[in-house]
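We're numbering straight along the sequence, starting at 1. Owing to the predicted nature of the structure, the values given are computational and were not obtained by experimental measurement.
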Amino acid sequence: MSKSIAGFSKLSKSEKIDWIVETYFSNTDNAKRILKQYWNDDEILQQLHDEFIENTISNYYLPLGVAPNFLINDKLYTIPMAIEESSVVAAASKAAKFWMNRGGFKTQVISTTKIGQVHFMYYGHVETLKTFFNYIKPKLIEHATPITKNMEKRGGGIIDIELRDKTQDIKGYYQLHASFETLDAMGANFINSCLEEFAKTFKKEALVFDAFSAEEKNIQIVMSILSNYVPDCLVRAEVSCKVEDLNEDKTISSEEFANKFVQAVNIAEVEPYRAVTHNKGIMNGIDAVVLATGNDFRAVEAGVHAYASRNGKYSSLSHAKVENGIFTFWMEIPLALGTVGGLTGLHPLVKLSLELLHHPSAKELMQIVAVAGLAQNFAALRSLTTTGIQEGHMKMHLMNILNQFEATPIEKETLTAYFKNNTVSHSAVVDAIKNLRLKHNN
Ligand code: MEV
């Protein structure tokens, strides 16, 4: 029977575990053993992980894989990917190799502006508010100097602050809509600190602004927070080659493949049910690199899907065309990433991943991440429009099923060889294991 507890966060890690296993598990020793199995022997490293969040009881592993042979703007990369889905790294590697032999990926950062907003309520005259805003704007920036001065030294900082009238949407609702350049930092802490300072100054100065009536002086700050919608923090990734150079698959001509591929992208452009899955495939690549490099994949996900709906209908993030015998496949995607701050200087595997990528700037990382997304999308569409997705997917999933049945190394070898020429399905693998074990026992 579940029960509630007061003061849980104050308990020690082992007291927390004791409470959990005793409250929720029938086999308390086994539950404890599993949790502890994932602790790191290095106590300092374990403590580092314990302190990332509150109430840590263990570590949750994801595989960290690498996809080599990514040629991006004529420079070769091996891309780290943290992901549990069996086929993703294999697909990325395959797409990387395919495009490495066809000129590689071309990328370009289009913009790097991030947004934050102070949301507030004001029920007085709009013209007086505008006058106040114009008067106070330099002070908003000046009072934030202790927060912005280091960023400014490096060439970033506050770009602008606008007053936005949102009273069409909600009575009395206005915003300070601020734009920022945060250089190599993702910038959430920087932006939120600036916004909270703006809010403080704005509220305080309103109280002594003579042109306001007593009521107008009482501006209500609702909240101050960055936006994860970053349509002006945009990167483009592209591949192209002659249609005749596309072919690797003997079962389909280059022209037929190129046309089917473009059709598949066109479908994702007009059909939201397909677009969501199409974009999910892109995010397979994006999230894996975002995670491996210690970035905030929830922020990226939220921003990307909002961008995919920017025209009022959810649509494909990628596009493809054939023109004058040239196949081009590209994507523009908003990515707010950092290569300093947050986990990037803390998590040893994140640091290692960034070193593997030649210590990229945030702009370089945007390009690498976009490429991982485009490569993943290419791999998925290539399978979908030729062999179908299940063939490759189930081949990769084979190992998961074998592990479920605790297959020995010899069984794994035998069955992997067997399924090279046979269709993988869950039941086919189960039958094959049973038969192998029967044969072995007889
Ligand atoms: C599976 O994780 C991703 C795909 O469904 C993407 C797609 O359909 O394009 C294969």
Side-chain angles (χ1 to χ4, degrees), residues 67-74 76 79 81 85-107 236-286 288 308 315-333 370-397 419-424:
N69 299 321
F70 269 98
L71 187 64
I72 307 176
N73 299 338
D74 302 321
L76 267 173
I79 298 188
M81 304 178 90
E85 192 173 323
S86 2
S87 53
V88 168
V89 177
S93 306
K94 215 169 152 193
K97 201 156 168 209
F98 181 93
W99 285 107
M100 184 179 68
N101 298 325
R102 291 162 178 81
F105 294 81
K106 302 288 176 224
T107 59
R236 180 187 167 95
E238 180 183 305
V239 283
S240 72
C241 71
K242 287 189 192 149
V243 168
E244 68 208 52
D245 292 341
L246 271 177
N247 208 4
E248 275 203 328
D249 186 337
K250 305 278 174 291
T251 62
I252 181 170
S253 76
S254 299
E255 288 72 23
E256 196 187 340
F257 169 65
N259 289 334
K260 268 187 100 173
F261 192 100
V262 172
Q263 272 163 357
V265 175
N266 288 344
I267 289 169
E269 282 168 344
V270 300
E271 166 53 53
Y273 278 95
R274 173 57 202 150
V276 171
T277 318
H278 177 98
N279 290 346
K280 188 273 183 184
I282 293 173
M283 299 316 286
N284 276 344
I286 298 219
S315 177
S316 167
L317 292 159
S318 62
H319 308 282
K321 64 179 180 187
V322 172
E323 247 172 43
N324 306 323
I326 304 286
F327 168 84
T328 310
F329 178 46
W330 75 98
M331 174 171 79
E332 283 176 10
I333 188 163
V371 162
L374 192 73
Q376 206 63 45
N377 194 209
F378 179 79
L381 291 180
R382 190 156 74 137
S383 299
L384 286 169
T385 55
T386 55
T387 57
I389 204 74
Q390 281 310 84
E391 187 183 285
H393 189 77
M394 289 308 286
K395 283 237 153 83
M396 293 304 302
H397 192 51
F419 280 107
K420 278 216 159 76
N421 302 314
N422 290 279
T423 307
V424 181

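Remark: Glu255 pairs with no residue by the salt bridge (charged side-chain N to carboxylate O under 4.0 Å, His left out) rule, at least two apart or across chains. Residues passing the salt bridge (charged side-chain N to carboxylate O under 4.0 Å, His left out) test with Lys321, sequence neighbours excluded: Glu323. Take Ala264 and apply the side chain to side chain contact (heavy atoms under 4.5 Å, CB included) test, not counting sequence neighbours, and it matches Leu381, Thr385. For the salt bridge (charged side-chain N to carboxylate O under 4.0 Å, His left out) test, residues two or more places apart in sequence or in another chain that qualify with Arg236 are Glu238, Glu332. When the ring-ring contact (aromatic ring centres under 6.0 Å, His included) test is applied to His397, no partner is found at least two apart in sequence or on another chain.
Going from atom NZ of Lys280 over to atom CD of Gln376 covers 9.0 Å, rounded to the nearest 0.5 Å. From Thr328, atom OG1 reaches atom NZ of Lys106 across 13.0 Å, with rounding to the nearest 0.5 Å. To the nearest 0.5 angstrom, Phe105 atom CZ is 9.0 Å from Leu71 atom CG. For the atom pair CD1 (Ile286) and CE (Met81), the distance works out to 9.5 Å, reported to the nearest 0.5 Å. Leu317 CG to Ile282 CD1: the interatomic distance, rounded to the nearest 0.5 Å, is 4.5 Å.
In this structure, Ala320 and Val262 approach most closely via the heavy-atom pair O-CG1, 3.7 Å. Closest of all the heavy-atom pairs between Glu256 and Ser253 is N-OG, 3.1 Å. Contact record, Ala96 with Pro68: CB-O, 3.5 Å, taken as the closest heavy-atom pair. The heavy-atom pair separating Ala92 from Phe70 by the smallest distance is O-CZ, 3.6 Å. In terms of heavy-atom proximity, Ala275 sits nearest to Ala268 at CB-O, 3.1 Å. Taking each heavy atom of Leu374 and Trp330 in turn, the nearest pair found is CD1-C, 3.8 Å.
A donor-acceptor pair is defined here as one N or O able to donate and one able to accept, closer than 3.5 Å; such a pair exists between the side chain of Glu271 and the backbone of Tyr273. Asn279 places a side-chain N or O within donor-acceptor distance of the main-chain N or O of Ser315, the cut-off being under 3.5 Å.
Between Asp245 and Ser254 there is no side-chain heavy-atom pair separated by less than 4.5 Å. Contact annotation: the side chain of Leu76 approaches that of Met100 to within less than 4.5 Å [non-hydrogen atoms, C-beta and beyond]. Between Asn377 and Met331 there is no side-chain heavy-atom pair separated by less than 4.5 Å. Contact of the Phe329 side chain with the Val265 side chain is registered, since non-hydrogen atoms from C-beta on lie closer than 4.5 Å. No side-chain heavy atom of Asn69 sits less than 4.5 Å from a side-chain heavy atom of Trp99.
Counting only residues at least two apart or on different chains, the ring-ring contact (aromatic ring centres under 6.0 Å, His included) pairs with a member in residues 238-259 are Phe257-Phe261.
The 12-atom threshold is not exceeded at NZ of Lys97, counting heavy atoms of other residues, nucleotides or ligands nearer than 6.0 Å.
Geometrically, Arg102 engages Phe98 in a cation-pi contact, judged by NZ or CZ lying under 6.0 Å from the ring centre and within 45° of the ring axis.
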